[in-house]
A.B. asks: 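Can you read through this structure? Questions will come right after.
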Amino acid sequence: MVLIGSDRFIEHQTPEGHPEQPARARVMQEVSRRWVERGGALRPPRPATRAELVQVHTPAYVDQIAATAGRGVRLDPDTYASAESYDVALHAVGATIVAVEHALAECTSAIAFVRPPGHHAEQDRAMGFCLFNNVAVAAASARATGLDRVAVLDYDVHHGNGTQWMFYDDPSVLYVSLHQYRFYPGTGALTDVGRGDGIGCTLNVPLEAGAGDADYDRAMRELVGPVVTAFAPELILLSAGYDAHGRDPLGGMRLSTEGYAAMTAHVQRLAASCCDGRLAAVTEGGYDLRALDACLESTLIQLAEDPPTSATSVTGDTSRIDRVIPAVRRALGPYWPGVL
Ligand code: ZN
C-alpha cells in the first residue's frame, strides 16, 4: 500500500469560511506524518500533463483554468481558483495517476490525499469546489495503458456528476455512486443508467438523508458487489469522500468512521477478487476536520491490510436502502440479467 501526498495541497486557497479549506490539507499532512512514522510508504505526486487532462476535459477548459494561474478567480458560486490553484490542481490529478500506476504495477492498493476534490468537475466546467476531475483523468489514463474495463466507485455524499457524464456512453468505465438524493448537485437519479453503448454502466444508488452504516453495507452487498463482480474490472478506482460521515456539516448522512472502514474493506475485497487487488483511491469531500482525520486514518489502516479484512456483519436500521433496492433492480436489472 502506497500513500501519495504533498505539502503543496495547502496552497489552493478558498475564501474565509469556505468548507473546502486549506485546513483540510493540514489534516492530510498530519495523517500522512503518522503513517510515515509507522513505517508507511509516502510518494510525491507529479503534475498531470495537458495531454492527460484533455482525455476528459476540453482543451478550451484546460486553457481557462491555466489562465487563472497567478490570479484569484471565482469560477462558479462556490468554486474558486487562487494564484496557486492551477498548479495545485495539476498535482491533484497527477497524484491520482501516480496512485493508479502503483496499483497497476504492484497489484496493490494506493491512495492519493489531494485537494481540490474532483468528481463534480465536468468536461468544460468547474463546479462544486472541483477544478479538474482527478478520478476521471486517472480512469482515462488507466484505459490508455491498455486496460479494457475500469470501475469507479464513489462513496462521497454528493453525486459525482462530472465522472458520470464523462463516461455516460462508455461501456469500458463502470461508474457506481452511493449518494444523498436529492441533494447537491441534483443529478444521480436511479434512472440515470448510461446511454448508447454505455447503457447499464452507470449505477446510481440514491439514498435519502439519514442513511447509516447498515444501509450502506446492504447497498454494497446487494447492489454494488454483484454488479462490479459481473463487470469484471481490471482496476477499481475509489472516489473517497468522507462527507457522508455523521459529523459532516454539509452532508445529511449518518455513517460512522467504522462504517466507512467497512465500506473501504468491501471495495478492497472486490479489488482482490476481480483484479488482483488493484485499487487506487483519491480523496473527494469531507468537511468536518475531526471526522476527516479519523476516516483518512482508518482508510490507511484498512488499505494496508493484505489480504483485506473479511466481512463483518453491520447491524442497524436499513429502512432507507430497503426502499431503494427494488427500484434500483427495476432500473438496472434489464442490463444485468441474473445479477440484480
Ligand atoms: Zn462531497
Side-chain angles (χ1 to χ4, degrees), residues 4-26 28 44-100 112-144 152 156 158-168 170 184-187 237 239 241 282-285 287:
I4 296 91
S6 167
D7 293 344
R8 299 258 0 237
F9 294 122
I10 205 160
E11 295 169 24
H12 166 58
Q13 300 290 325
T14 49
E16 192 67 35
H18 195 287
E20 208 293 284
Q21 53 183 313
R24 298 181 70 241
R26 287 197 202 286
M28 293 171 185
R46 62 167 173 83
T49 65
R50 181 181 172 84
E52 287 167 337
L53 296 174
V54 299
Q55 294 175 110
V56 301
H57 291 290
T58 63
Y61 177 68
V62 175
D63 292 342
Q64 184 200 336
I65 301 302
T68 69
R71 304 191 292 139
V73 181
R74 186 189 194 197
L75 295 162
D76 99 329
D78 50 27
T79 311
Y80 297 82
S82 62
E84 300 294 327
S85 296
Y86 170 62
D87 197 47
V88 174
L90 291 181
H91 283 80
V93 177
T96 317
I97 296 172
V98 171
V100 165
F113 284 1
V114 308
R115 60 184 290 277
H119 71 158
H120 296 305
E122 302 219 349
Q123 230 184 0
D124 57 358
R125 184 177 165 206
M127 61 183 277
F129 319 158
C130 302
L131 302 184
F132 296 128
N133 195 318
N134 306 314
V135 80
V137 179
S141 295
R143 286 272 296 118
V152 180
D156 189 279
H158 303 99
H159 180 247
N161 56 294
T163 315
Q164 169 172 299
W165 299 132
M166 283 165 172
F167 301 110
Y168 206 52
D170 185 345
Y184 184 86
T187 51
L237 280 155
S239 267
V282 58
T283 53
E284 299 282 358
Y287 303 102

A.B. asks: Rounded to the nearest 0.5 Å, what's the gap from CG on D63 to OG1 on T68? Could you check?
C.D. replies: 11.5 Å
A.B. asks: In this structure, are over 12 heavy atoms from other groups packed under 6.0 Å from R125 atom CZ?
C.D. replies: no
A.B. asks: Taking all non-hydrogen atoms of both residues, which atom of G241 and which atom of D156 are closest, and how far apart?
C.D. replies: CA-OD2, 3.3 Å
A.B. asks: May I ask you to test the R24-F9 pair for a side-chain heavy-atom distance under 4.5 Å?
C.D. replies: no
A.B. asks: Would L90 and F132 count as a side-chain contact (heavy atoms from CB on, under 4.5 Å) here? Give the steps.
C.D. replies: CA-CA 8 Å; L90 291 181; F132 296 128; 3.9 Å; yes
A.B. asks: Verify side-chain contact (heavy atoms from CB on, under 4.5 Å) between M127 and N161, making sure each step is shown before the conclusion.
C.D. replies: CA-CA 10 Å; M127 61 183 277; N161 56 294; 3.5 Å; yes
A.B. asks: Between A48 and I97, what is the shortest heavy-atom contact and its length?
C.D. replies: CB-CD1, 4.4 Å
A.B. asks: Does some side-chain heavy atom of V54 sit less than 4.5 Å from a side-chain heavy atom of V62?
C.D. replies: yes
A.B. asks: Kindly indicate, with the supporting measurements, whether the criterion side-chain contact (heavy atoms from CB on, under 4.5 Å) is fulfilled by Q123 and W165.
C.D. replies: CA-CA 8 Å; Q123 230 184 0; W165 299 132; over 6 Å; no
A.B. asks: If you round to the nearest 0.5 Å, how far is OG1 of T58 from CG of L53?
C.D. replies: 10.5 Å
A.B. asks: Quick check: does any side chain N or O of H91 sit under 3.5 Å from a backbone N or O of P44, one acting as donor and the other as acceptor?
C.D. replies: no
A.B. asks: List the atom of H57, the atom of N133, and the distance in Å for their closest heavy-atom pair.
C.D. replies: NE2-N, 3.0 Å
A.B. asks: So, taking the atom named CD in E20 and the one named CD in Q13, what distance separates them when rounded to the nearest 0.5 Å?
C.D. replies: 10.5 Å
A.B. asks: State which residue, out of V73, D124, L131, L75, fulfils the side chain to side chain contact (heavy atoms under 4.5 Å, CB included) condition with Q64.
C.D. replies: L75
A.B. asks: V114 vs V282, test: side-chain contact (heavy atoms from CB on, under 4.5 Å). Steps then yes/no.
C.D. replies: CA-CA 7 Å; V114 308; V282 58; 3.6 Å; yes
A.B. asks: What distance separates S85 OG from R115 CZ, expressed to the nearest 0.5 Å?
C.D. replies: 8.0 Å
A.B. asks: Measure from the side-chain N and O atoms of Q55 to the backbone N and O of E52, and report whether any donor-acceptor pair falls under 3.5 Å.
C.D. replies: yes
A.B. asks: With a 4.5 Å cut-off on side-chain heavy atoms, are C130 and P116 touching?
C.D. replies: no
A.B. asks: Which pair of heavy atoms, one from H158 and one from H119, lies closest together, and at what distance?
C.D. replies: O-CE1, 3.3 Å
A.B. asks: What is the minimum heavy-atom distance between A139 and V152, and which atoms define it?
C.D. replies: CB-CG2, 4.2 Å
A.B. asks: Would you confirm whether the ring centroid of F129 sits within less than 6.0 angstrom of the ring centroid of Y184?
C.D. replies: no
A.B. asks: Can you tell if the side chain of T14 reaches within under 4.5 Å of the side chain of S82, non-hydrogen atoms only?
C.D. replies: no
A.B. asks: Stepwise, does the side-chain hydrogen bond (donor to acceptor under 3.5 Å, both in side chains) test hold for E284 with S239?
C.D. replies: CA-CA 6 Å; E284 299 282 358; S239 267; 2.7 Å; yes
A.B. asks: Taking all heavy atoms of P59 and all of R50, pick out the closest pair and write down the distance.
C.D. replies: CB-NH2, 3.4 Å
